[in-house]
Engineer: 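Below is a structure I'd like to ask you about.
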Amino acid sequence: RNEKVMTVSESTKLDVLKLGIFKPENICIVNPGVDVLPLKVKVEKTTNPSLLYLGRLKPYKNVDIAIKSFQKVLVAFPNAILNIAGEGDCDGSLRDLVKDLNMESSVVFHGRVSEEDKTKLYAESWLMVQPSSHEGWGITVIEANLMGTPVIASDIPGLRDSVVDGKTGILVRPKSVTGFAQAITKLIKKDPLREKMSHAGIERAKKFNWSENTDIFLSAIHRYYLNYNYSESK
């Protein structure tokens, strides 16, 4: 019960507390930092509405929800594009789903991408979608925000920590095809709101830098294990 715990978000701290074997004062939160590769040239947003899913293609990521939601978005915006970057067990079934829905001309599978291509996709996309049903934090959310891209995500622990609902993105009921479609459509239609979220996301994401977070991490290590004030020693 006297062991010290370090975790990545308020949500995971609550999960640890539910185990019933740790004291709240012994749990420290250190959010992960972001390190997006600087682009050699400025990348503009695409002319047509563009969405991005970037991450592993696993069942709990619910990428099929993003695809089904996008089908509804295409009714209002037939020139929109959904980019899917990543690899995993669901790659084949997701490609089959896109084919079954006759959306092959509107959905692009990129597979595993380089750091530079990842950053370019973040930068040029209008929005990112994160329909996962379980996350400890949501590093891709902060990475997308840093490149000026609002995020529409599941309203679940972890993503509630990384997305500021209504400011840097929109939280949606998990696995709600209609909810995701409505949120996407809303932000595509409303340029001023999307632009406002873009600026807010950039400013917030800047706070999650490795330098600052490393100091927080080292302070916790010194305070919890060495009874030493790291910040006073700097």
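Keep in mind it's a predicted model, so treat the numbers as computed, not measured.
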Engineer: Quick check against the 3.5 Å criterion: does Ser50 have a side-chain atom that pairs as donor or acceptor with the backbone of Ile81?
Structural biologist: no
Engineer: Is there a side-chain contact between Asn26 and Val5 (heavy atoms, below 4.5 Å)?
Structural biologist: no
Engineer: Using side-chain heavy atoms (C-beta onward) and a distance below 4.5 Å, is Arg173 in contact with Asp155?
Structural biologist: no
Engineer: Does CG in Asp191 sit with more than 12 non-hydrogen atoms of other residues, nucleotides or ligands closer than 6.0 Å?
Structural biologist: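 Buried by this count: over 12 neighbours within 6.0 Å.
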Engineer: First locate atom CG of Leu193, then atom CD1 of Ile188, and finally report the distance between them rounded to the nearest 0.5 Å.
Structural biologist: 12.5 Å
Engineer: Evaluate the side-chain proximity of Phe208 to Trp137: yes if any heavy-atom separation is below 4.5 Å, no if none is.
Structural biologist: yes
Engineer: Measure from the side-chain N and O atoms of Asn62 to the backbone N and O of Lys175, and report whether any donor-acceptor pair falls under 3.5 Å.
Structural biologist: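 Side chain of Asn62 to backbone of Lys175: no pair is present.
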Engineer: Does the side chain of Asp117 come within less than 4.5 Å of His110's, by heavy atoms?
Structural biologist: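 They are not in contact (no side-chain heavy atoms under 4.5 Å apart), so the answer is no.
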Engineer: Is a side-chain donor or acceptor of Ser11 paired with a backbone partner of Gly158 at a separation under 3.5 angstrom?
Structural biologist: yes
Engineer: If every non-hydrogen atom of Lys61 is compared with every non-hydrogen atom of Arg56, which pair is closest and at what distance?
Structural biologist: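 Smallest interatomic distance, heavy atoms only, reads CG-O, 3.3 Å.
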Engineer: Does the Asn31 side chain pair with the main chain of Val8, one donor and one acceptor, at a distance under 3.5 Å?
Structural biologist: yes
Engineer: Nearest heavy-atom pair of Ala123 and Met147: which atoms, and what distance?
Structural biologist: CB-CE, 3.7 Å
Engineer: Could you go through the side chain to side chain contact (heavy atoms under 4.5 Å, CB included) check for Asp165 and Ile170 one step at a time?
Structural biologist: CA-CA 5 Å; Asp165 191 26; Ile170 298 177; 4.1 Å; yes
Engineer: Roughly how far, to the nearest 0.5 Å, is the CG atom of Leu127 from the OG1 atom of Thr185?
Structural biologist: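 So the OG1 of Thr185 and the CG of Leu127 are separated by 10.0 Å.
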Engineer: Using side-chain contact (heavy atoms from CB on, under 4.5 Å) as the criterion, point out the one residue from Lys167, Arg194, Met128 that pairs with Pro150.
Structural biologist: Arg194
Engineer: Check for me, please, whether Leu97 and Ile84 land in the same ILVMFWY cluster - side-chain distances under 4.5 Å, paths through other members count.
Structural biologist: yes
Engineer: Is it true that a side-chain atom of Asn209 and a backbone atom of Lys206 form a donor plus acceptor pair closer than 3.5 Å?
Structural biologist: yes
Engineer: At what distance, to the nearest 0.5 angstrom, does CD of Gln130 lie from CZ of Phe180?
Structural biologist: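 Nearest 0.5 Å value for the CD-CZ distance: 8.0 Å.
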Engineer: Show your working on side chain to side chain contact (heavy atoms under 4.5 Å, CB included) between Glu3 and Ile21 and close with a plain yes or no.
Structural biologist: CA-CA 9 Å; Glu3 285 299 317; Ile21 56 176; over 6 Å; no
Engineer: Mind checking whether Val34 and Ile202 sit in one hydrophobic cluster, side chains of I, L, V, M, F, W, Y counted as touching below 4.5 Å?
Structural biologist: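 No, separate clusters.
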Engineer: Give me the atom names and distance for the closest heavy-atom approach of Lys207 to Asn213.
Structural biologist: O-OD1, 4.1 Å
Engineer: Apply the hydrophobic cluster definition, ILVMFWY joined by side-chain contacts under 4.5 Å directly or through others, and give me every member besides Val75.
Structural biologist: none
Engineer: Going by side-chain contact (heavy atoms from CB on, under 4.5 Å), Ile67 matches just one of Leu94, Val129, Val177. Which one?
Structural biologist: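 One option only clears the test, and that one is Leu94.
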Engineer: Find the distance between NE2 (His134) and NZ (Lys58) and round it off to the nearest 0.5 Å.
Structural biologist: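 The NE2 atom of His134 sits 14.0 Å away from the NZ atom of Lys58.
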Engineer: Could you check Arg160 against Glu135 for salt bridge (Lys or Arg N to Asp or Glu O under 4.0 Å), going step by step and ending with a plain yes or no?
Structural biologist: CA-CA 10 Å; Arg160 289 187 199 129; Glu135 295 291 334; over 6 Å; no
Engineer: Which heavy atom of Gly179 sits nearest to which heavy atom of Ser176, and what is that distance?
Structural biologist: N-OG, 2.9 Å
Engineer: Measure the shortest side-chain to side-chain distance between Ile221 and Met6 over non-hydrogen atoms and say whether it is less than 4.5 angstrom.
Structural biologist: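 Result yes, sub-4.5 Å side-chain heavy-atom pair found.
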Engineer: Measure the spacing between CG of Leu19 and CG of Leu14 and express it to the nearest 0.5 Å.
Structural biologist: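 So the gap between those two atoms works out to 11.5 Å.
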Engineer: More than 12 heavy atoms of other residues, nucleotides or ligands under 6.0 Å from NZ of Lys45: is that the case?
Structural biologist: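 Result for NZ/Lys45: enclosed.
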Engineer: Determine whether Leu17 and Pro24 make a side-chain contact, defined as any pair of heavy atoms from C-beta on separated by less than 4.5 Å.
Structural biologist: yes
Engineer: Take His199 and Glu195 through the test side-chain hydrogen bond (donor to acceptor under 3.5 Å, both in side chains) and record every step on the way to the result.
Structural biologist: CA-CA 6 Å; His199 289 304; Glu195 190 71 16; 3.2 Å; yes
Engineer: Assess whether side chain to side chain contact (heavy atoms under 4.5 Å, CB included) is satisfied between Ile142 and Arg204, documenting all intermediate values.
Structural biologist: CA-CA 8 Å; Ile142 306 301; Arg204 181 168 184 263; 3.8 Å; yes
Engineer: Hey, any chance Ile65 and Leu74 share a hydrophobic cluster, counting ILVMFWY side chains that come within less than 4.5 Å of each other, even indirectly?
Structural biologist: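 Yes.
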Engineer: If I take atom CG from residue Leu121 and atom CG from residue Leu54, how far apart are they, to the nearest 0.5 angstrom?
Structural biologist: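 CG of Leu54 is found 7.0 Å from CG of Leu121.
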Engineer: Which pair of heavy atoms, one from Gly136 and one from Ser9, lies closest together, and at what distance?
Structural biologist: O-OG, 2.6 Å
Engineer: Do Thr149 and Leu52 have side chains that approach each other closer than 4.5 Å (heavy atoms only, starting at C-beta)?
Structural biologist: no
Engineer: Under 4.5 Å between side-chain heavy atoms, hopping through other hydrophobics if needed: is there a path connecting Val151 to Phe70?
Structural biologist: no
Engineer: Is the closest side-chain heavy-atom distance between Cys90 and Pro59 below 4.5 Å?
Structural biologist: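 Heavy-atom side-chain distance check passes, below 4.5 Å.
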Engineer: Before giving the answer on side chain to side chain contact (heavy atoms under 4.5 Å, CB included), spell out for Val113 and Lys120 the whole-Å C-alpha distance, their side-chain angles and the decisive distance to 0.1 Å.
Structural biologist: CA-CA 10 Å; Val113 296; Lys120 183 175 181 292; over 6 Å; no
Engineer: Indicate if Leu57 and Tyr60 have the same hydrophobic cluster label, given that clusters are the connected sets of ILVMFWY residues with side-chain heavy-atom separations under 4.5 angstrom.
Structural biologist: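 They do not share one cluster, since no chain of ILVMFWY contacts under 4.5 Å joins Leu57 to Tyr60.
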Engineer: Please check if the side chain of Ser154 supplies one atom and the backbone of Pro174 the other of a donor-acceptor pair under 3.5 Å.
Structural biologist: no
Engineer: Mind listing the closest non-hydrogen atom pair of Asn145 and Ser162 along with its distance?
Structural biologist: OD1-O, 4.4 Å
Engineer: Would the Trp126 and Phe77 ring centres measure less than 6.0 Å apart?
Structural biologist: no
